[in-house]
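As structure tokens, the structure follows; a few thoughts come after it.
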Amino acid sequence: MEHQEEQSRCENCIVRQFNALRAMTKEELKKVSDSKISKKIKKGETLFEEGEKLNGVYCVRNGISKLAKLSANGKDQIVKLAAKGEVIGQRSVIAEEQSNLSATAVSDMEVCFIPKDDIISTLHTNPNFTLEVLRHMAHDLKEADDVIVNMSQKNVKQRIAEAFLYLRNNFGEDTEGYLMLTLSREDISNVVGTATESCIRIISEFKKKGFLKTSGKKIGIANTKALQDMVDGF
């Protein structure tokens, strides 16, 4: 237990290498570690809702969360999938604005909740940390821009093909060649911004053509080149 306790200390945590916390000093990390709260979030549970005022950020130790925005027609648009090592909610905390996204677990998660004060005080005293936070926020902005461009310039089939390649490249596949991260058909349609029915129809078309294979809810890529050619417009 003591070993586990040691590992869950921020200063010993391997996950922080992936985010801005790596720029904190040993003392700052100790302070964060004393005040953070570790939580287990079950698949389907919400970390926070759109419009909520966040009094801290979440650092993902394990699992994946979908960050989504409710559109005018009442359908979620998934903007990002946040995995191990990512910090969620930093924009809202730093801008002191309500969150413009909701965060829901798409797999069982372990997260650490870090109170706002620790983040803000470190921003004031540690320029390296401030720079790292800026870098990560700039990266998120770039990703959001890419999503917008994709939406406007690629058709639904191209976006679905790209979504599957993204899921495989980022989250891997199991020994049988099925995607490790099984998203519901509705989630996939919310990633690409289309109706669930169209998404289901296109997936079965891709299956018939031998681009994809399925087993129950699981989906795998059967022909990478065909999907990539479709994304590239060939």
Quick check: closest heavy atoms across [X] and [Y], and the distance to 0.1 Å?
| X | Y | answer |
| --- | --- | --- |
| Asn126 | Ala23 | ND2-O, 2.9 Å |
| Leu67 | Ala82 | CD1-CB, 4.4 Å |
| Gln90 | Met137 | NE2-CG, 3.9 Å |
| Thr125 | Glu28 | OG1-OE2, 3.7 Å |
| Ala103 | Ser65 | CB-OG, 3.7 Å |
| Leu70 | Gly74 | CD1-O, 3.8 Å |

[X] vs [Y] side-chain heavy atoms within contact, under 4.5 Å:
| X | Y | result |
| --- | --- | --- |
| Leu81 | Asn170 | no |
| Leu183 | Lys66 | no |
| Ile219 | Leu167 | no |
| Thr214 | Lys207 | yes |
| Val15 | Val60 | no |
| Leu54 | Lys116 | no |
| Leu165 | Gln228 | yes |

Heavy-atom count check: over 12 atoms from other residues, nucleotides or ligands less than 6.0 Å from Gln17 CD?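 Check passes, neighbour count above 12.
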Could you give all pairs that pass the ring pair (Phe, Tyr, Trp, His ring centres under 6.0 Å) test and reach [range], with sequence neighbours left out?
| range | result |
| --- | --- |
| residues 170-194 | none |
| residues 14-46 | none |
| residues 208-234 | Phe206-Phe211 |
| residues 75-124 | Tyr58-Phe113 |

Once you round to the nearest 0.5 Å, how far does [atom1] of [X] lie from [atom2] of [Y]?
| X | Y | atom1 | atom2 | answer |
| --- | --- | --- | --- | --- |
| Ile14 | Arg61 | CD1 | CZ | 10.5 Å |
| Glu11 | Leu21 | CD | CG | 11.5 Å |
| Asn169 | Phe164 | CG | CZ | 13.0 Å |

Set of salt bridge (charged side-chain N to carboxylate O under 4.0 Å, His left out) partners for [X], sequence neighbours left out:
| X | value |
| --- | --- |
| Asp76 | none |
| Glu97 | Arg91 |
| Glu186 | none |

Salt bridge (charged side-chain N to carboxylate O under 4.0 Å, His left out) pairs, two or more places apart, involving [range]:
| range | value |
| --- | --- |
| residues 121-147 | Arg22-Glu132, Lys80-Asp140, Lys80-Glu143, Glu132-Arg135, Lys142-Asp146 |
| residues 158-172 | Lys154-Glu162 |
| residues 174-184 | Asp174-Lys218, Glu176-Lys218 |

How about Asn190 and Lys75: does a side-chain donor come under 3.5 Å of a side-chain acceptor?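 Yes - a donor-acceptor pair under 3.5 Å links their side chains.
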If you look only at distance, which donor and acceptor atoms sit under 3.5 Å apart when one is on a side chain in residues 39-49 and the other is two or more places apart or in another chain?
unit_1: Glu45; atom_1: OE1; unit_2: Lys42; atom_2: N; d: 3.3

Are any of the side-chain nitrogens in Lys30 or Asp34 under 4.0 Å away from the carboxylate oxygens of its partner?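 A salt bridge is absent here (no side-chain N lies under 4.0 Å from a carboxylate O).
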Can you give each donor-acceptor pair under 3.5 Å made by side-chain atoms of residues 191-205, sequence neighbours left out, with the distance rounded to 0.1 Å?
unit_1: Thr196; atom_1: OG1; unit_2: Ser189; atom_2: OG; d: 3.3
unit_1: Ser204; atom_1: OG; unit_2: Ile200; atom_2: O; d: 3.4
unit_1: Ser204; atom_1: OG; unit_2: Arg201; atom_2: O; d: 3.0
unit_1: Glu205; atom_1: OE1; unit_2: Lys157; atom_2: NZ; d: 3.3
unit_1: Glu205; atom_1: OE2; unit_2: Lys157; atom_2: NZ; d: 3.0
unit_1: Glu205; atom_1: OE2; unit_2: Lys209; atom_2: NZ; d: 3.1

Are Tyr166 and Ile188 grouped together when hydrophobic residues (ILVMFWY) are joined by side-chain heavy atoms under 4.5 angstrom apart?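 Per the 4.5 Å side-chain linkage, Tyr166 and Ile188 are co-clustered.
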What residue among Leu123, Val57, Thr130 forms side chain to side chain contact (heavy atoms under 4.5 Å, CB included) with Ile94?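 Answer after filtering Leu123, Val57, Thr130: Leu123.
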